[in-house]
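First comes the structure, then the notes that go with it.
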Amino acid sequence: MKKLLFIVSVMFGVLFIQAHQNRAIAAPGAAGFPQVIEGDKLRFGNMIVELFGIRAPRTGMICRAGSIEFQCGDAATQALRRIIENYAVKCQQVSETQLFPMLTECTMGRSDLNRLLLRAGWALVDMASCDSNPTCATYLRDQAFAKENRKGMWMGTPPHELVALAAKPKSRDTNVASDETNSDGENYVTGPIAINLAAEMKKANEPDRTLLSFLDPTS
């Protein structure tokens with residue numbers, strides 16, 4: 001009887017392990033040789049995935065290094081292409097609420113793609129999503145490494161828009177509606193970013209100053 005119970009328990013153990021492996025295999029995600037869309041977005045065929053826990057500069061954002069300005073979003077995109085090169089990337093879904101693009105954690109072999117980007121200085125830790133994640137402490141150390149060694153964006157000043165996006169959200173009590181009325185009864189917009197349309201249009205019409213020398217993640 002004891003022998004029979006032992007055999008039955010072993011069989012249940014094997015079935016449990018197989019079921020766990022099947023769930024892991026069936027977990028949504030993507031793998032292969034992706035196309036880089038932005039500094040934190042990849043395309044696998046018809047599927048677009050976004051890297052969880054970080055924020056890379058968007059197209060049009062400006063980085064400053066001393067008196068030099070350059071297109072930070074384009075530089076981050078090209079830097080991610082250099083990091084990936086011809087390596088296969090595997091991504092696994094981490095959120096069931098954000099599906100388009102799918103929010104994922106991605107690896108190259110045993111390397112966390114987020115960590116490579118952060119250490120190269122081409123992304124910031126997204127405190128809105130990463131703060132409660134156990135990997136956040138590691139990501140913050142990688143970001144500190146890039147800042148201390150003046151990698152990527154940290155050769156100068158990261159875009160203030162990106163810093164605002166990556167910051168931890170304020171509590172509801174401290175948030176104020178963006179549209180308010182001043183003492184004269186006129187409407188104005190408040191927020192962390194002041195937009196000067198004339199200055200932005202002037203910058204948009206300036207020649208592209210992207211510096212290819214800034215793109216080397218090892219520099």
Side-chain angles (χ1 to χ4, degrees), residues 13-59 61 72-147 149 151-154 158 162 165-166 168 214-219:
V14 171
L15 290 174
F16 175 81
I17 293 173
Q18 288 179 341
H20 180 76
Q21 290 176 340
N22 289 338
R23 285 197 300 271
I25 294 173
F33 300 89
Q35 172 190 356
V36 176
I37 299 176
E38 288 185 308
D40 55 8
K41 287 188 178 67
L42 304 172
R43 181 194 297 275
F44 294 86
N46 294 325
M47 178 186 293
I48 296 177
V49 304
E50 180 177 341
L51 300 178
F52 167 77
I54 64 171
R55 292 268 189 175
R58 300 283 181 261
T59 301
M61 288 186 178
C72 208
D74 294 343
T77 300
Q78 293 181 46
L80 180 55
R81 290 195 182 108
R82 291 194 177 191
I83 290 173
I84 293 177
E85 290 185 351
N86 296 319
Y87 292 99
V89 177
K90 181 179 179 182
C91 300
Q92 187 167 348
Q93 182 182 11
V94 296
S95 171
E96 295 182 355
T97 57
Q98 180 177 323
L99 301 178
F100 306 101
M102 181 185 291
L103 198 60
T104 61
E105 291 179 335
C106 299
T107 56
M108 287 171 30
R110 297 183 179 181
S111 299
D112 184 332
L113 192 54
N114 281 1
R115 295 196 64 191
L116 296 176
L117 278 167
L118 289 167
R119 290 180 71 83
W122 292 111
L124 299 181
V125 177
D126 181 11
M127 297 306 301
S129 60
C130 182
D131 191 34
S132 59
N133 191 281
T135 59
C136 187
T138 301
Y139 288 169
L140 287 172
R141 286 195 294 270
D142 292 327
Q143 178 174 286
F145 169 85
K147 185 175 182 179
N149 291 277
K151 299 277 189 177
M153 294 181 291
W154 298 107
L162 182 65
L165 286 172
K168 187 175 182 178
F214 284 7
L215 302 181
D216 184 0
T218 62
S219 64

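Model, not experiment: these values are computed from the prediction.
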- Message: Any heavy-atom pair between the side chains of W122 and I54 that's under 4.5 Å?
- Response: no
- Minimum side-chain heavy-atom gap E50-K41 below 4.5 Å: yes
If you measure from [atom1] on [X] to [atom2] on [Y], what distance do you get to the nearest 0.5 Å?
| X | Y | atom1 | atom2 | result |
| --- | --- | --- | --- | --- |
| L42 | T104 | CG | OG1 | 7.0 Å |
| R81 | Q35 | CZ | CD | 7.5 Å |
| K147 | L118 | NZ | CG | 13.5 Å |
| E38 | D74 | CD | CG | 9.5 Å |
| R58 | T77 | CZ | OG1 | 9.0 Å |

Please name the pair of heavy atoms, one in [X] and one in [Y], separated by the smallest distance, quoted to 0.1 Å.
| X | Y | result |
| --- | --- | --- |
| L162 | A56 | CD1-O, 3.6 Å |
| I83 | M108 | O-CE, 3.6 Å |
| G39 | L51 | O-CD1, 4.4 Å |
| M127 | L140 | SD-CD2, 4.0 Å |
| V49 | F44 | CG2-CE1, 3.8 Å |
| M153 | C72 | CG-SG, 3.5 Å |

Has [X] got a side-chain atom pairing as donor or acceptor with [Y]'s backbone, closer than 3.5 angstrom?
| X | Y | value |
| --- | --- | --- |
| N114 | F52 | yes |
| R119 | L117 | no |
| N149 | K151 | no |

- Any side-chain donor-acceptor pair under 3.5 Å between D112 and Y139? yes
